[in-house]
Amino acid sequence: MDKLLTVSMSPHAHGRDTTSKLMLGVVIALLPAWAASVWFFGWGALYVPVLSVLFSVIFEYLIARYLLKKAPSIRDGSAVVTGLLLAFTLPVNIPVWILAIGTLVAIGVGKMSFGGLGTNPFNPALVGRVFLFISFPVQMTSWPLPKGFATADAVTGATPLGLLKEGMIQGEHVADMVKELPTNYDMFMGHMGGSMGEVAALALLLGFLYLLWRRIITWHIPVTILTTVFLFSGLMWLINPVDNASPVFHLLSGGLMLGAIFMATDYVTSPMTPRGMVWYGVGIGLLTVIIRRWGAYPEGVQFAILIMNAFVPLINMYVKPKRFGEVKKNG
Amino acid sequence: MSQWKNFSKGLIVENAVFVQVLGMCPTLGTTTSAYNGLGMGLATTFVLLMSNIVVSMVRNFIPDKVRIPAFIVIIASFVTVVQLTMQAYAPALYKELGLFIPLIVVNCLVLGRAEAFASKNKVWSAAIDGLGMGLGFTLALFMLGSVREILGAGSWMGFKFIQGDGMLLFVLAPGAFLALAYLISIMNKVSKKKA
Amino acid sequence: MAKKESTFLNMFLALTLVTLVSSAILGYVYELTKEPIAQAKAERQNAALRNVLPEYNNDPVKEMYKKAVDGDTLYFFPARKDSALVGIAVETFSPKGFGGMIRLMVGFLPDGTINKIAVLEHNETPGLGDKMEASKSDFSLQFDGKNPKTFKLSVKKDGGDVDAITASTISSRAFCDAVERAYKNLDLTKGGAQ
């Protein structure tokens with residue numbers, strides 16, 4: 001019995017977890033999804049993440065060394081995770097120069113401008129992704145469809161969410177578009193157009209289990225996000241099944257799984273207490289569905305997480321852990 | 001204070017945008033291109049110069065309690081003059097800047113100079129101050145517009161030097177904040193080195 | 001000169017004088033710029049018309065007639081050279097754009113062939129749908145010289161003859177919709193009979 005007490009929120013106890021160890025855990029958890037994307041998209045899915053990690057580490061080193069003039073922090077591995085996560089949100093056919101700009105923005109603007117790891121209010125990988133998404137809409141919305149290692153030219157097409165949004169703007173009923181959209185089973189297994197890391201829900205869930213098993217993250221954030229999305233979109237679907245997509249479709253499509261499991265749980269940019277995490281998760285879930293349903297962009301997870309990132313200091317201020325020995329005040 | 005110092009303080013040391021962070025609405029809203037930034041800057045400079053002169057001229061005639069409404073009427077008149085003139089002789093620029101021209105009235109820079117400087121100084125000094133501040137504002141808008149146009153559209157003053165589009169974020173609203181933030185940080189770095 | 005005291009009379013006089021002088025100056029400037037402003041406005045409309053129509057020497061704005069369709073209005077501008085009809089410009093619209101309403105000026109020749117199209121107003125996404133502007137891509141040029149009798153005004157995805165803007169099918173569809181609306185409501189005999 002070497003562990004009698006589990007100490008959370010530990011100002012005194014010294015854990016064995018170091019930043020680099022945690023980051024290694026995240027990388028391992030991403031491996032199933034990476035393997036799945038290589039299976040679906042071919043060699044591109046192999047080298048884009050590698051390049052992205054390489055760029056991220058180089059930019060982090062250069063900025064820390066020559067602009068901030070402090071000891072380069074690349075050894076903690078956070079740049080590796082940022083690079084990997086950013087790559088997972090991009091289409092595999094992304095031109096290399098756009099990838100380079102994306103990593104520069106993710107590391108330079110998203111992280112180092114605020115002083116480096118631990119002081120950045122927004123998830124750096126998402127900052128990079130949103131920057132690219134708005135800046136290069138053509139390249140960022142030509143998603144390759146899964147083709148494996150076949151040598152034929154990559155076929156590009158819209159994501160399921162893109163098809164949905166396009167149809168809604170044309171005034172079509174969602175119920176009539178079902179035949180154009182992939183089935184739930186296909187989406188679960190990854191047979192749909194999309195970015196590298198978001199296509200296979202199954203592989204992402206495997207990563208989630210690993211993260212839980214290694215206690216790198218707790219269940220609160222991912223589970224509240226997914227539950228909120230399911231309940232909210234389910235409610236809308238029950239009220240009007242003709243004009244709304246089913247809750248299962250919402251859960252399986254787009255970057256929801258990737259965002260909920262890997263992006264929203266970033267230590268630096270998420271609340272500290274379990275209760276705060278629940279508030280944060282509910283906010284992300286609601287915003288995601290609202291943006292998907294009524295926003296100008298087909299996908300809302302990225303914006304929802306960034307918006308809720310901005311609320312994290314506020315949540316931390318209002319949702320404090322109970323102090324030891326605190327007694328409920330009597331009126 | 002020498003007149004040269006009075007003039008040059010508005011350009012860098014007390015630059016309205018980079019140092020005082022005044023007049024953010026037109027700064028962020030109109031600088032989608034270098035040309036638009038320049039146009040907005042010059043329009044503001046004209047209003048600033050004229051309102052400073054007139055406010056300084058009438059400063060002893062206006063009782064303290066009604067000075068703000070009086071200044072605003074003077075500023076609003078010059079803004080309307082600019083608006084009508086631009087509509088008549090530069091309709092293309094007017095179409096671009098549109099809504100932001102009437103908003104010069106509420107640019108805190110203009111009222112700020114009237115209140116803080118022109119109402120306490122002689123006409124000649126007030127004119128120099130207005131010109132310096134206005135040109136500093138113009139310089140900042142022109143720089144911001146240039147950065148956004150070069151990065152966002154791949155062109156400068158309408159001259160295109162790449163195929164296709166640039167990084168579109170920079171011609172959109174978030175790009176304005178981003179570009180302004182980095183320009184201010186560069187200016188801070190440079191001016192700190194000098195001091 | 002000492003500063004005036006803030007007595008009621010002083011305040012009243014100062015404000016009255018300031019507003020009086022201001023309004024006098026504004027009135028004068030307004031009179032001065034009234035003509036050029038009207039001219040600039042007319043010039044803008046004429047420039048759009050000249051852009052899409054073949055050479056003419058009448059005043060199409062004077063002969064303009066309207067037609068209310070689909071909850072909005074189409075404007076027709078017949079152009080003549082020495083009283084013979086050389087074309088009709090139609091100010092048309094489509095509510096189906098990605099960012100809402102799109103307004104175009106489409107110039108037709110007397111046989112119904114599209115001469116040229118100019119975009120008047122749109123709210124499409126920069127970098128995607130805004131490529132409908134002639135200054136941003138060649139999308140709108142593919143309509144020039146095509147007769148909708150033989151050239152199907154819908155994107156290839158929907159079985160038409162129009163190459164859509166990359167990744168902007170919705171904007172391209174709306175553009176076609178607007179042109180189609182102009183063509184459908186175009187009465188070439190009416191333009192000629194007037």
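Lettering follows sequence order; numbering is per chain, from 1. For the numbers below, each heavy atom of this structure counts, side chains included, while hydrogens, waters and symmetry mates do not.
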Reported CZ-to-CG distance for the pair R67(B) and L15(C), which is rounded to 0.5 angstrom: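 One gets 12.5 Å once the value is rounded to the nearest 0.5 Å.
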Matching residue for V18(C) among I62(B), V54(B), V58(B) - test: side-chain contact (heavy atoms from CB on, under 4.5 Å):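 When I62(B), V54(B), V58(B) are each tested with V18(C), the side-chain contact (heavy atoms from CB on, under 4.5 Å) holds only for I62(B).
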For F61(B), the option from L17(C), L13(C), N10(C) that meets side-chain contact (heavy atoms from CB on, under 4.5 Å):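 Going through the options one by one, the only one that passes is L17(C).
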Portion of Y89(B) that has a non-hydrogen atom of chain C nearer than 4.5 angstrom: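 Side chain only.
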Chain C neighbours within residues 71-86 of chain B, where any heavy atom lies under 4.5 Å away: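 Those residues of residues 71-86 of chain B which have a heavy atom under 4.5 Å from chain C are V73(B), I74(B), S77(B), T80(B), V81(B), L84(B), T85(B).
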Toward chain C: residues of residues 30-52 of chain B with heavy atoms under 4.5 Å: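 Listed by number, there are no contacting residues, so the answer is none.
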Is [X] atom [atom1] crowded by more than 12 heavy atoms from other residues, nucleotides or ligands, each under 6.0 Å away?
X	atom1	answer
K120(B)	NZ	yes
Y182(B)	OH	yes
D138(C)	CG	no

Minimum heavy-atom distance between A88(B) and A40(C), given as atom pair plus value: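 For A88(B) versus A40(C), the nearest heavy atoms are O-CB, 4.1 Å.
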Chain B contacts, top residue of V21(C), L32(C), L26(C) (heavy-atom pairs, under 4.5 Å):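 If we count pairs closer than 4.5 Å to chain B, L26(C) comes out on top.
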